[in-house]
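Notes for the one structure printed next.
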Amino acid sequence: MVRDYLSQLNEPQREAVTHTQGPLMIIAGAGSGKTRVLTYRIAYLIDQGVDPFNILALTFTNKAAEEMRHRIERIIGPEARNLWMGTFHSVFAKILRIDGFKLGYTSNFTIYDTDDSKSLLRSIIKEMQLDDKTYKANYVLNRISGAKNNLISWQMYNDNPIFQAEDTAAQMPELGRIYRTYAMRCFSANAMDFDDLLFNTNVLFRDHLDVLNKYQHKFRHVMVDEFQDTNISQYLITRKLAAVTQNICVVGDDAQSIYAFRGANIQNILNFRKDYPDLRVVKLEQNYRSTKNIVNAANSLISRNKGQLEKNIFSDNEEGAKIEVIRAMSDNEEGRIISHEIFEGKLTGLKNSDFAILYRTNAQSRAFEEALRKINIPYRIIGGLSFYQRKEIKDILAYLRYTANQKDEEAFKRIINQPKRGIGDTTVAKIVVTASDQGVSVWDVVSRIRNFFEGRAANAIEGFADLIRSYILMLEEGKDAHAIAMHVAKTSGLLHELYMDKTVEGVARHENVQELLNSIRSFVDNDENEDKSLGAFLQTVSLLTTADEEDDGDNDKVTMMTIHGAKGLEFRHVFVVGLEENLFPSQMMLKSRDDLEEERRLFYVAITRAEKQLTLSYAQQRYTWGKMTFCEPSRFLEEIDSKYLRLGDKGIPQGFETAGRNPVSPQRPAIVGEPVKRPSPASNLKPVQAAKPVETHVPSPDFVPSDTKDLKAGDQVEHPKFGFGEVKKIEKMGATAKAVIFFHNEGEKTLLLSFAKLRIL
DNA sequence: ATTTATATCTTTTTT
DNA sequence: AGATATAAAT
C-alpha cells in the first residue's frame, strides 16, 4: 500500500523513502526536509510489513527521537511504540543493561558523567603521586576518550610505542598507566563512562557472537541520523549490526559536522562508500527552510572549506531580506540592541518563539538575559548548567546511585558526609585503606564497620550504613523509583537541610529537589516506560541531553542556546551573536586543533537555522574573566559574500533605558582629554554608519586604576566599563575585599577589589 | 573533624 | 567572576 504521504515528496526524497533494501546514504543539505524523509521512511517500512520491533533508528538527541516517534505514531498508530529509537548512548546502554553481564557488569551499572570521570582521574593522579599541574584531569580525560573512541583499549595503548612516544613528548609519560588504572577503577566500580557505553558495546559484539547474532536478527533495518557526527566506535557498531541484512541507511551532511572535537569523523562518510560497494546515494539539495538570500549566503561561506562533498543547495523560496550586520560597542549593548530588535519584530506580529539567539559559548547568554528581562520578553535557555548538574540534584542522585550500586565509588565519596555527619577525609581514607588491605569492597567495610573500627566515627558510619541498607531493602522489595527517591529525600536529611536554609538560594534548591521528585514521578507514571525501577531511571537521567529538559508548558519564549544545541532546529528570525575573532572562531579550537573549517561549519549551521531573517552581531569590547578586552570582528563576517549583507544602519536602539545616558557623571565635571583611540579593527568591514559612542562609558584617557586598598565608603570612583559611581560600603573578608558601589548609569554593583579597575577621583 | 579563609586556576562545544 | 583546592582556625 502506498500512502498519500509519498505524493508530498520531491523526487530524491521519495527515492530516499522507498529505497528500503540494501545500503543507502542520504546526503541531506540544511533544511532539505531530512526529518520528514526519515519519518516517512520508517512509516513506509512499516506499511511494507516490517515489524516496528525490527527497526533501529539512532538519532542525535533523545528529544529528536521522541519527536520522530510521535510523528510516526500519527501516521501509523500506536505500533510506533515498539520502534527502537534513541541516541547511540541510550540505545546501547539499554543493550548493555541486558547483556553487559557477559562482560562482567551487572544490569544496574552506573554511568559516570564527565564530572565523575574527572574526579576519579584527579584522585588517581593524586594517588600515583603525579603532578596535577602537568597531568590535568581535563586533558587526560580527552586523551583517554580519544583512545576509546578509536577502540584502543588500555592494553593496546600501553603496548603501542607510538603512544608512549607521543606522551613522553608531551611531558606526560605516565598517561598509559593512568588509562589503565582508570579503566580498572571504573570496572571495579561497576561503572561506565560515556565512551565505555560505545566501547563496551563493540567488545560485546566482538567477543560474544551469540549476542551480536541476536541483535543482527532483531534489527533488520538500521538507520543513523546525523551520520557526519558519529565516531569510529559508533560506526563499527552499526556496521556490525547491519552486516547480515545490509539494510543500513545513514543520513548526514558533511557541511554540518561539528563534533570532531569529541571524536566524530567525517571519514565515516567516505569509508561508508568503500564498505558498501553497491551503496545507493541520494542527495537532497533543495532547501525548503530559508530564503534564497540566506541559502546563497550560507553557500558562499561554506564554499571556502576544502574537500566538500559535491552538492548544490538551492532554494525556490522568496528572495528574502538581506542579512543584517550589527556592531555594538559592548557585550551589554549587543544585548540591548538585540532585545530591542526582538521587541520591534513582535510589533510586526511575530511571536517570541519565532526568535532564537545563538552564541558560541554558554557564558555569552548573560548579557541577553539581562536585556530581555529588562523589557519583559520571556526567554528560555537551553544548555548551560543543566538541571541535573546542580549540586543538590547530584547529591540526591548520588544517594540513588549508591543504593542501586554500592560499588559506585564516586557516589560514595559524594554522600558519605553529605549532609554533614562527622565523617571526614581521614575517616574515609582509613576505610578505603582497610578495604584494600582486607581485599574487600568499601561497602563491605562500611556495612560491617564494627568488625573493623570503633569509636565516634564508627557510630556515624553505622548510621550511614543503616540508612543505605534501608534504601537497598526498598529496592529489593521492588519499590519503584519514585517511592525510593521520596524516601531517600526525606530520610537522608538532604531535604531537611535545604528546608532549613531560608536564603534565596536555599529555597531555590529546595524547590529544585521537589522538581526532581516530580520528574521521577512522571517517569514512573509514564506508560511508555515499561521499566520503572530505580536503575532504569538513573540510566535515563544520566544520558539526558541538554536539549531534553522539559519546559514549563509556556512555549512562547525566545530561545537562547549555543550553536551546537541548535542543530536540527529552525526559527523564523535568528540572531548569531558574538562574532568576534577568538570567540567565534574560538581561540581554543584554533590553538588546540587548528581547525578553522569546523568553526566555519559551525557558523554555517548557525546561519542555516534561519527561515526568513538573519542578524549577525559583534561587540567592540567585552568583559571576559573580569577584564575588559577589545575585540576584532570575526573573519567569518568577511567570508560571506557582501552582496547578501546589509551593514548596520541600526547602531543603537532608541528609547528604553538608554535614553539620556551619558559618560559624564552629573555630579562631576567632564574629564577633558583626547578622545579615546580604539584599536581600529583589522577587518575592512565597516558599518555604513558608525554607531554613536555616547551609549557606553568612555574611560578617561589617563585612566590609571588606583590602588584600591585604601578605598572607603563615600569615595567617588571611575570604572572603565560602568562609569562613575560612589562607594556605598566595603566588605572585608581577610585578604579579599568587596566594594558595593552605586554607579550612576548601571546601578549597584559589587566588585571584587582584586579585580576591579577603579580610579579614585 | 569541620568550618572558614586564602590561594589558584579557568579559560569551548556535549553524549 | 566563578569554582575548586589548599591552609589555617575553630
Side-chain angles (χ1 to χ4, degrees), chain A residues 58-63 86-93 111-115 117-119 122 126 132-133 136-138 141-142 145 148-149 192-198 226 229-231 233-234 258-264 358-364 366 382-386 388-389 391 417 419-429 455-457 460 542-548 561-567 578 582-593 595 598-599 601-602 605-606 623-627 629 732-738 749-752 754-756:
Chain A
L58 298 162
T59 56
F60 201 67
T61 63
N62 293 302
K63 197 179 182 184
T87 60
F88 272 92
H89 291 84
S90 66
V91 166
F92 295 111
I111 297 172
Y112 275 176
D113 67 12
T114 314
D115 286 339
S117 300
K118 275 193 242 176
S119 145
R122 264 191 287 268
K126 202 168 172 183
D132 59 359
K133 276 166 197 143
K136 297 253 170 69
N138 240 326
L141 183 60
N142 268 333
S145 170
K148 282 186 191 163
N149 285 331
M192 301 191 202
D193 66 15
F194 288 136
D195 306 311
D196 285 334
L197 293 173
L198 307 173
E226 308 284 6
D229 286 325
T230 54
N231 59 39
S233 175
Q234 293 168 317
I258 55 175
Y259 280 97
F261 72 88
R262 98 179 182 207
L358 306 182
Y359 34 74
R360 179 66 235 267
T361 69
N362 282 307
Q364 284 166 259
R366 199 210 81 251
I382 296 180
L385 264 212
S386 102
Y388 291 99
Q389 288 176 330
K391 265 189 245 38
N417 201 26
K420 304 267 190 287
R421 50 170 72 85
I423 306 172
D425 294 345
T426 28
T427 311
V428 174
R456 200 160 45 108
S542 41
L543 294 173
L544 281 184
T545 320
T546 50
D548 293 331
M561 60 190 146
T562 65
I563 300 167
H564 284 90
K567 181 138 66 136
N582 294 335
L583 217 201
F584 191 19
S586 143
Q587 190 181 21
M588 261 290 137
M589 181 65 123
L590 296 186
K591 221 191 296 180
S592 64
R593 304 174 25 89
D595 198 345
E598 177 156 333
E599 292 286 295
R601 287 193 294 268
L602 200 50
V605 169
Y623 250 69
T624 12
W625 316 307
K627 270 198 323 231
T629 47
K732 257 216 156 89
M733 301 143 60
T736 58
K738 291 178 176 175
K749 302 262 176 191
T750 306
L751 301 181
L752 204 57
S754 48
F755 280 100

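Below, chain A is the first sequence line, B the second, and so on; all start at residue 1.
Here the nucleotide nearest the side chain of A:K136, chosen from B:dT13, B:dT14, B:dT10, is B:dT10.
The ring-ring contact (aromatic ring centres under 6.0 Å, His included) search around A:Y359 returns none, not counting sequence neighbours. Considering only residues two or more places apart in sequence or on other chains, A:S233 meets the side-chain hydrogen bond (donor to acceptor under 3.5 Å, both in side chains) condition with A:N202. A:K567 is linked by a salt bridge (charged side-chain N to carboxylate O under 4.0 Å, His left out) to A:E226, A:D229, counting only residues two or more places apart in sequence or in another chain. Applying the side-chain hydrogen bond (donor to acceptor under 3.5 Å, both in side chains) test to A:S542 and every residue at least two apart in sequence or in another chain returns nothing. Scanning for side-chain hydrogen bond (donor to acceptor under 3.5 Å, both in side chains) contacts around A:D115 gives A:K394, with sequence neighbours left out. By the salt bridge (charged side-chain N to carboxylate O under 4.0 Å, His left out) test, A:D195 is found to be paired with no residue, residues two or more places apart in sequence or in another chain being considered. Listed by chain and number, the residues in a side-chain hydrogen bond (donor to acceptor under 3.5 Å, both in side chains) with A:T230 are A:N268 (sequence neighbours excluded).
Residue A:D229 contributes atom CG, which lies 16 Å from atom P of B:dT13 at whole-angstrom precision. Rounded to an integer number of Å, the gap from A:K118 NZ to B:dT14 C1' is 11 Å. Nucleotide C:dA3 holds its P atom 13 Å from the CG atom of A:D115, rounded to whole Å. Atom CG in A:N149 sits roughly 17 Å away from atom P in B:dT14 (whole-Å rounding). Between the CZ atom of A:R262 and the C1' atom of B:dT12 there is a distance of 13 Å, given to the nearest Å.
Residue contacts shown for A:T562 are limited to sugar-phosphate atoms, with no base heavy atom under 4.0 Å away. Among the protein residues, A:T427 comes within range of the sugar-phosphate backbone only, with heavy atoms under 4.0 Å from sugar or phosphate atoms but none that close to a base. At the heavy-atom level, A:I563 lies nowhere under 4.0 Å from the strands shown. Backbone-only contact: A:N417 has heavy atoms under 4.0 Å from sugar-phosphate atoms and none from a base.
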Listing time: all N or O pairs from protein to nucleotides 4-6 of chain C that are below 3.5 Å?
from	atom 1	to	atom 2	distance (Å)
C:dA5	OP1	A:R122	NE	3.4

Check: protein-nucleotides 7-10 of chain C nitrogen or oxygen pairs below 3.5 Å:
none

(request) Could you give me the CA-CA distance, side-chain angles and deciding distance for A:N231 and A:F88, then say whether side-chain contact (heavy atoms from CB on, under 4.5 Å) is met? (result) CA-CA 11 Å; A:N231 59 39; A:F88 272 92; over 6 Å; no

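For the atom pair CZ of A:R262 and OG of A:S145, the computed distance is 9.5 Å after rounding to the nearest 0.5 Å.
The nearest heavy atom of DNA chain B to A:L602 and to A:R421 marks one nucleotide each, and the one closer to the 5' end goes with A:R421. Residue-to-nucleotide proximity on DNA chain B shows that, of A:S90 and A:M589, the 5′-proximal contact is made by A:M589.
The aromatic rings of A:H564 and A:F261 sit perpendicular, their planes meeting at an angle over 60°, well past the 30° parallel limit.
When the side-chain nitrogen and oxygen atoms of A:N138 are compared with OP1 and OP2 of B:dT11, one or more of them lie within a distance under 4.0 Å. Regarding contacts with the backbone of B:dT14, every side-chain N or O of A:K567 stays at 4.0 angstrom or more from both OP1 and OP2. Within the structure, a side-chain polar atom (N or O) of A:N362 is placed less than 4.0 Å from OP1 or OP2 of B:dT14.
Under the stacking criterion of a centre-to-centre distance below 5.5 angstrom and an interplanar angle below 30°, A:Y259 is not stacked against the six-membered ring of B:dT14.
Nucleotides C:dT4 and B:dT13 place their C1' atoms 22 Å apart, quoted to the nearest Å.
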